[in-house]
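Counting starts at 1 for both ligands and their atoms, following the listed order.
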Amino acid sequence: MDKLDHQLAPSILAADFGHLTEDVRKVEGICRYLHLDIMDGHYVPNISFGMPVVETLRPYTDMIFDCHLMVAEPDRYIKAFADIGCDMITFHYECSDDPFALIDEIRSLGKKAGIAVHPDTPAEKIYQFLEKGAVDLILVMSVVPGFGGQKYMHSATERLSDFRSRLDKNGSDALLSVDGGINTVTIKEAAAAGATLIVAGSAVFGKEDITGAASDLIAAMKDC
Ligand code: DX5
Ligand code: ZN
């Protein structure tokens with residue numbers, strides 16, 4: 001396997017929403033992606049934030065907005081999140097009757113399309129998206145979606161390795177993302193298994209020294 005380009009995507013779910021732009025400033029010099037967790041209190045039991053927060057933040061940074069929709073009926077919200085400046089829009093496989101139609105819609109809006117997979121969903125269901133060009137990002141959940149600060153599920157590592165080898169075999173250049181329970185130890189495991197876009201909330205914005213915490217995570221996955 002060629003050496004992969006591993007990127008860190010800090011999740012603002014763990015940020016101080018009273019000082020959101022200041023928190024984002026602390027990572028924008030060292031990270032290109034910013035992960036936005038949208039939770040609807042329906043697909044997941046928690047409610048996070050929605051369009052007004054994303055729209056307000058957009059003019060303050062050039063970071064790539066990696067929008068993770070944990071919402072039922074994602075087709076109802078794709079256009080809204082595209083219009084307010086999300087660059088990548090990921091929806092849950094479990095929430096869509098016609099995922100390929102949604103991928104097409106996201107791409108037709110000029111955005112990158114991602115598909116997220118719940119830990120309980122069999123990996124085989126996702127194989128169709130590992131074909132070359134099928135999707136731009138695969139998001140492997142390493143916790144049950146809905147809350148930050150949970151423990152990394154090691155079963156995600158095996159899933160990442162499986163998806164990595166299938167993506168490579170198919171010649172797909174889709175990003176392989178992982179989300180949940182990432183810290184300076186688990187990031188090595190996920191990166192070594194082939195994840196390229198690694199999301200971390202508590203391990204970045206939950207720390208006193210946000211820039212230092214993001215740097216430590218980037219350093220930890222450097223040689224994986
Ligand atoms: C969980 C969210 C995650 C969350 C990760 O459902 O999708 O993106 O912010 O938080 P940590 O890194 O604290 O597990
Ligand atoms: Zn997320």
**Message:** Could you check whether N183 and T186, counting side-chain N and O atoms only, form a donor-acceptor pair closer than 3.5 Å?
**Reply:**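 Note: T186 and N183 side chains meet the donor-acceptor criterion.
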
**Asked** Just checking, any donor-acceptor pair under 3.5 angstrom between side chains of D37 and S11?
**Response**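 Yes, because at least one side-chain N or O of D37 sits under 3.5 Å from a partner of the opposite role on S11.
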
**Asked** Does T157 reach the main-chain N or O of E189 with its side chain, forming a donor-acceptor pair under 3.5 Å?
**Response**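 It does not hold such a pair.
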
**Message:** Is it the case that the side chain of R25 and the backbone of Y60 share a donor-acceptor pair, with hydrogens and angles ignored and the cut-off at 3.5 Å?
**Reply:**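 Flag set: sc R25 to bb Y60 pair under 3.5 Å.
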
N or O contacts of ligand 1 with protein under 3.5 Å, please list pair by pair.
from     : atom 1 : to   : atom 2 : distance (Å)
ligand 1 : 6 (O)  : G146 : N      : 2.8
ligand 1 : 7 (O)  : D37  : OD1    : 3.0
ligand 1 : 7 (O)  : H68  : ND1    : 3.3
ligand 1 : 7 (O)  : D179 : OD2    : 2.9
ligand 1 : 8 (O)  : H35  : NE2    : 3.4
ligand 1 : 8 (O)  : D37  : OD1    : 3.0
ligand 1 : 8 (O)  : D37  : OD2    : 2.7
ligand 1 : 8 (O)  : D179 : OD1    : 2.6
ligand 1 : 8 (O)  : D179 : OD2    : 2.9
ligand 1 : 9 (O)  : S11  : OG     : 2.9
ligand 1 : 9 (O)  : D37  : OD2    : 2.8
ligand 1 : 12 (O) : G201 : N      : 2.7
ligand 1 : 13 (O) : G149 : N      : 2.8
ligand 1 : 13 (O) : S202 : N      : 3.1
ligand 1 : 13 (O) : S202 : OG     : 2.3
ligand 1 : 14 (O) : G181 : N      : 2.8

**Message:** Could you check whether atom CG of D83 has more than 12 heavy atoms from other residues, nucleotides or ligands sitting under 6.0 Å from it?
**Reply:**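 For D83, atom CG is crowded (more than 12 foreign heavy atoms under 6.0 Å).
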
**Message:** Using side chain to side chain contact (heavy atoms under 4.5 Å, CB included), reason through F100 and D98 one step at a time and then give a plain yes or no.
**Reply:** CA-CA 6 Å; F100 284 108; D98 190 350; 4.2 Å; yes

**Message:** Using the rule given for ring-ring contact (aromatic ring centres under 6.0 Å, His included), can you reason through H92 versus H118, listing the C-alpha separation, both sets of side-chain angles and the distance that settles it, and then say yes or no?
**Reply:** CA-CA 8 Å; H92 270 263; H118 189 287; 7.2 Å; no

**Request:** Would you please test R58 and D87 for salt bridge (charged side-chain N to carboxylate O under 4.0 Å, His left out) and show each step?
**Result:** CA-CA 11 Å; R58 184 66 283 184; D87 302 289; 3.2 Å; yes

**Residue and atom, protein N/O/S, under 2.8 Å of the Zn ion (ligand 2)** =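 Less than 2.8 Å away from the Zn ion (ligand 2) sit H35 NE2, D37 OD1, H68 ND1, D179 OD2.
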
**Message:** Less than 4.5 Å apart, side chain to side chain, heavy atoms only: is that true for I38 and Y77?
**Reply:**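 Counting from C-beta outward, I38 and Y77 never come under 4.5 Å.
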
